[in-house]
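We count residues from 1, following the sequence as given.
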Amino acid sequence: MSTHELTADEARRIQLHAQGLLGRVAPASVSGLRGDPDARRALGALRHLGAVQLDTISVLARSHELVSYARLGPVGRTSVERAYWGGSVAFEYWSHAACILPIEDWPLYAFRRRNYRRRGKHWHRTPEDAVAGVLARLRAEGPLTVTGLGGAKKGGEWFDRTDQKIAAEFLLATGEVVCTRREGWRRVYDLPERAIPDELRQWDPDDTECVTTLIRRAARALGVATRADLADYVRVRGEDVDTAVEAAGLIPVTVAGWAGGNGAQSAAWAHPEALAAAPPRGRHRTTLLSPFDSLVWDRKRTQRVFGFDHRLEAYVPRDKRVHGYFTMPLLAGGRLIGRADPAREGATLVVRKASLEPEAVSTPARAERTAAHLADALREAASWVGCDAVRVERLDPPELAALLSTALKETGLG
């Protein structure tokens, strides 16, 4: 098979389009969501991406809400929740990390469920009597949270390690229980025969079919990707990618500037739909991204594609943070041009620190345009979360403060 050649700029645009940040994302056609167009759009974005990562941190909103917002604009937050946990349209499982996944992908994770059964544990040793007890309670009483199972402790639920919690998480990993909805931030555990459509439970693909299909889905969500990119997106081994790319129908490509080890050209593949639609067209989003957004969750890929050093500093000691606790990359014009670390004080969106990339402010015209982009992104984010004012406490470079102040005043939120 001949190798298709792409420029770095073409690869960047293809990836933005594949990630739903260049052009329009089609809403999902689901009968149960017909009365809620925002929920249909949010579910469409989930299907487009294949996975939306979950995280306990909530600043402007929880990360999964921010992913929909980045692609759709100020979509209703209750509609996003309904799209993810409003019934048998999505489920939670381990993909790139703990993720919301489209319900139709349930069979594709059979290979991972089988692996957990062989291991006999998830994170911790699983008490057999607790496993039996959890299953018995769910059969007798219906869907339950960990609190209902009698296994909650004071503190963040993801880090509770009671026997009931360990057993429920092991059963979730093996597929003997499922989670298709939440109450608050608590998983509601249920039996698959009640929560997963029969036709999906009856399809039991072997490991090869699972991995091949997931690699194809990852390639569709990325557009163009290296071996490491594909493996990271759904967390499989690099050798799994090697054996799957041909069967997945991916097209080998070279991307100018994508260097591999020892300066060699990095091997890459493209989804055929991505090349068929190249060059992608549509409107670029100007938005703040969750640090867990799939566009940037792979730090090496973000550096290679966008020349942007993205890191999450929430778990870094305060005195060692460079950009802030929940630093959100700023996307504008198809490029990552800066960062903002937001917080809320009543009805004010506070930016503890905003920093802009040197290239984005390298000329007076670029600086003015970049300040306008940041102001627009802050205005939309503030409005979405119900704030009517914006305050930026620190700006890097500080000499852009006047430009940003003027731009914010023009949005009506300065």
Side-chain angles (χ1 to χ4, degrees), residues 19-21 25-109 112 143-146 156-158 168-169 172-173 175 177-192 194-197 200 214 217-218 221 233-235 287 289-295 297 384-385:
Q19 281 283 297
L21 292 159
V25 177
S29 178
V30 179
S31 58
L33 300 178
R34 282 179 183 163
D36 190 339
D38 276 358
R40 291 176 56 233
R41 294 171 69 216
L43 182 58
L46 171 62
R47 289 177 171 176
H48 191 92
L49 296 172
V52 170
Q53 185 173 344
L54 296 166
D55 195 80
T56 57
I57 299 173
S58 181
V59 178
L60 294 184
R62 291 204 187 273
S63 182
H64 63 275
E65 297 174 281
L66 293 168
V67 171
S68 289
Y69 161 77
R71 286 149 183 84
L72 306 174
V75 62
R77 294 173 66 183
T78 56
S79 295
V80 175
E81 299 299 300
R82 188 179 177 205
Y84 292 165
W85 292 300
S88 295
V89 292
F91 71 105
E92 289 189 40
Y93 198 62
W94 298 97
S95 181
H96 170 80
C99 290
I100 285 283
L101 304 164
I103 197 72
E104 55 269 24
D105 285 0
W106 165 263
L108 301 179
Y109 288 87
R112 189 156 286 158
L144 294 168
T145 65
V146 71
E157 185 197 355
W158 278 17
E169 290 301 297
L172 186 72
V177 306
V178 298
C179 176
T180 60
R181 64 185 178 93
R182 283 186 177 237
E183 292 178 356
W185 189 241
R186 291 185 175 87
R187 285 182 178 135
V188 177
Y189 299 97
D190 201 357
L191 300 176
R194 290 196 294 245
I196 305 296
L200 296 178
L214 286 173
R217 299 281 176 88
Y233 204 84
V234 288
R235 292 290 167 88
T287 188
L289 298 171
S290 163
F292 301 102
D293 193 290
S294 52
L295 185 74
W297 68 25
W384 180 57
V385 298

Aromatic ring pairing W185/W85, orientation class (parallel under 30°, perpendicular over 60°, tilted between): perpendicular
What I'd like to find out is whether the side chain of [X] reaches to under 4.5 Å of the side chain of [Y], using heavy atoms alone.
X	Y	result
W106	L101	no
Y69	L60	no
P197	I103	yes
F91	V178	no

When you measure from the side chain of [X] to the backbone N and O of [Y], does any donor-acceptor pair fall under 3.5 Å?
X	Y	result
R41	V75	no
Y93	A173	yes
R62	T56	yes
R40	A28	yes
R71	V25	no

As an exercise, state the distance from [atom1] of [X] to [atom2] of [Y], rounded to the nearest 0.5 Å.
X	Y	atom1	atom2	answer
R82	D38	CZ	CG	11.0 Å
R187	R182	CZ	CZ	5.0 Å
C99	R235	SG	CZ	8.5 Å

[X] to [Y] - nearest heavy-atom pair and separation:
X	Y	value
A195	D190	CB-OD2, 4.1 Å
L289	A70	CD2-CB, 3.8 Å
G50	D105	O-OD2, 4.2 Å
I196	L200	CG2-CB, 3.9 Å
Y233	Q19	OH-NE2, 3.3 Å
S79	D36	OG-OD1, 2.9 Å

Test item: side-chain donor near acceptor, Q53 and S63, under 3.5 Å: no
